[in-house]
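Both backbone and side-chain heavy atoms feed into the values below; hydrogens, waters and symmetry mates do not. Everything numeric here is computed off the predicted structure, so don't read it as measured data. Both counts, for ligands and for their atoms, begin at 1 and track the order of listing.
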Amino acid sequence: MIQAPRGTFDVLPEDHARRAVIEAHTSRILGAAGYRRIETPAFEATELFARGVGEATDIVQKEMYTFDDGGGRSLTLRPEGTAPVCRAYVEHGMHKLPQPVRLWYLSSFFRSEAPQKGRYRQFWQVGAEAIGAEGPDTDAELIVLLAELLEALAVRDVTLKISSLGNPETRAQYRAELARYLHQHEDALAPEVRARIDLNPLRAFDSTDATTRATMEDAPKLLDRLSAEDAEHFEAVKALLDDAGIAYQLDPALVRGLDYYTRTVFEFSSTALGAQSGVGGGGRYDRLIEQLDGPPTAGCGWAAGIERMLLAATDLPTAAHTVDLFVARVPTASSDRAFAISTQARRAGLSAQLELAGRSLKGQLKHADRIGARYVAIVQDAGIALKNMESGDQQELDTAAVIPTILRGSRLA
Ligand code: ATP
Ligand code: MG
């Protein structure tokens, strides 16, 4: 039997209802702040991610689905949304539009990872990007919007961590300083941390080893090494969050997946999720558009995982789905008349379903009840019996009177 590939899943109709709620909240919250929806291709030139996510990242090193298009060109299923959106910004000359250009997306992404709860090979993200504004109010706006989305979805036990990565130059100096510190304390470090001091010293902050953690308490922190402008930018972001009543923790060890993050980085997580606790995160990427051969352009954005939000959300209410009319028929009656009534009812703005399964009349009425139909039109050899399922009343009508009768009833209801 052929099954869905490992790490993928079907979104069945009953699952889709909860996703539709997320989409509606996203569209409302981001739309109200001037963000407009964008959709980019499911695959891109591999080079876009190599340059736009960074050669040294886990995503590019280990997680991409890359293939040859048959003509010698390397393509990759998109593992994230920021680089494609920035590519589109450059390609369509969006720097000529009033800035910032505020965009959002809700799309599926692909990463070759070990599947587990909350971690899939094809998953969905909602994301927002504000491109062309460098002020701290942009960062704060984006963080507030994600906080509002998570609150609207009643995502449980959410905490927000923020930090600043400064700029690539101070970061490089800091990395060297941190590596020196780690070399001085090599004996107190776990072997896997020791092995990566020069490769990726920042990872030492993620270690779960007790003596390593104790050593890292006293390690130099990037937040203490920021340039004056970067420190001022970060202070302003924090002040705006304070004013907006958004609680956060400073996490000097917060490292984000992209190479080109500058200044603000943030991450929302939920303890309701267990091991894969990240719900969504993002940051500022002021060097990224240049990396993609665009004009120097500041940018900031975030992405949040739909499956993780679904896992951590308290019962998402789903809109009740109404069926105004179910069109049944006695076995000897014309199926063309039944078909015509269902079509006309929908043209008149009603929701109407037609019996297609060849059930007995009793079975059809049972089915109408099961789907919650308000009316059942039973097409007879001549005329129609219209049954009001709420009151149980039944009346004999000419075919032409069926829809006006339901519409009148709907107006009275
Ligand atoms: P993680 O630490 O869980 O690997 P990440 O840092 O790789 O997360 P981002 O690239 O920041 O995640 O993506 C933003 C969000 O997308 C994550 O917070 C998470 O909710 C979701 N996400 C990332 N990878 C996956 C995946 N493989 N399956 C499901 N959701 C994912
Ligand atoms: Mg990851």
Side-chain angles (χ1 to χ4, degrees), residues 4-11 15 18-19 22 26 42 48-49 52-54 56-65 76-86 104-129 139 142-143 145-147 149-150 153 155-163 165 200 202-203 205-208 251 253-261 264-285 288 299-313:
R6 199 166 127 72
T8 69
F9 51 85
D10 298 305
V11 178
D15 306 326
R18 300 181 74 220
R19 289 170 180 259
I22 296 189
T26 305
L48 172 66
F49 302 112
V53 179
T57 59
D58 277 357
I59 291 181
V60 173
Q61 298 253 310
K62 300 189 282 210
E63 299 175 359
M64 298 207 303
Y65 285 104
T76 292
L77 297 183
R78 60 182 170 196
E80 60 94 52
T82 301
V85 167
C86 289
W104 71 274
Y105 57 82
L106 196 167
S107 320
S108 64
F109 296 91
F110 308 86
R111 294 184 195 177
S112 167
E113 305 194 71
Q116 47 193 294
K117 194 175 177 197
R119 189 177 296 287
Y120 308 95
R121 291 180 172 172
Q122 179 179 2
F123 58 98
W124 296 75
Q125 282 183 342
V126 41
E129 316 284 354
D139 313 42
L142 281 156
I143 294 171
L145 289 170
L146 181 50
L149 177 61
L150 298 177
L153 299 173
V155 173
R156 287 168 292 151
D157 308 325
V158 176
T159 52
L160 166 63
K161 289 181 173 158
I162 64 170
S163 190
L165 299 181
N200 196 346
L202 285 166
R203 278 293 173 82
F205 285 109
D206 296 336
S207 175
T208 50
D251 183 358
L254 190 63
V255 252
R256 297 273 320 152
L258 268 80
D259 273 2
Y260 301 110
Y261 275 122
T264 318
V265 284
F266 55 92
E267 203 159 83
F268 286 86
S269 53
S270 165
T271 47
L273 282 175
Q276 318 310 324
S277 65
V279 177
R284 180 163 277 289
Y285 45 81
L288 177 55
C300 191
W302 51 254
I306 300 286
E307 293 74 31
R308 304 228 185 135
M309 292 196 284
L310 287 170
L311 283 168

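Between the side chains of Q122 and T8, no donor N or O sits under 3.5 Å from an acceptor N or O.
With ligand atoms numbered from 1 in the order given, ligand 1 contributes 18 (O) to contacts under 4.0 Å with heavy atoms of G280. Counting atoms of ligand 1 from 1 in the listed order, those under 4.0 Å from a heavy atom of G278 are 18 (O), 19 (C), 20 (O). Counting atoms of ligand 1 from 1 in the listed order, those under 4.0 Å from a heavy atom of Q125 are 13 (O), 14 (C), 15 (C), 16 (O). Counting the atoms of ligand 1 from 1 in the order shown, those under 4.0 Å from a heavy atom of G118 are 28 (N), 29 (C), 30 (N). Residue-ligand proximity, A303 to ligand 1, at heavy-atom distances under 4.0 Å covers atoms 14 (C), 15 (C).
The closest side-chain heavy-atom distance from W302 to L149 is below 4.5 Å. Annotation: side chain of V279 is not in contact with side chain of V158 (no heavy-atom distance under 4.5 Å).
Between E63 and R121 there is no salt bridge, since no side-chain nitrogen of the basic residue lies less than 4.0 Å from a carboxylate oxygen of the acidic one.
Within the set E80, R119, E267, R111, the minimum heavy-atom distance to atom 5 (P) of ligand 1 is found for R111.
The N/O atoms of A304, backbone and side chain alike, include none that comes under 3.5 Å of an N/O atom in ligand 1. Annotation: E113 places an N or O atom under 3.5 Å from an N or O atom of ligand 1; distance criterion only.
Residues satisfying the side-chain hydrogen bond (donor to acceptor under 3.5 Å, both in side chains) criterion with Q125, sequence neighbours excluded, are absent altogether. Scored by the side-chain hydrogen bond (donor to acceptor under 3.5 Å, both in side chains) test, T264 finds D139 as partners (sequence neighbours excluded).
Ring pair Y120/F9 is perpendicular by interplanar angle, where above 60° counts as perpendicular and below 30° as parallel.
Only the backbone of V279 comes within 4.0 Å of ligand 1, judged by heavy-atom distances. At a heavy-atom cutoff of 4.0 Å, ligand 1 is contacted by no atom of M309, backbone or side chain.
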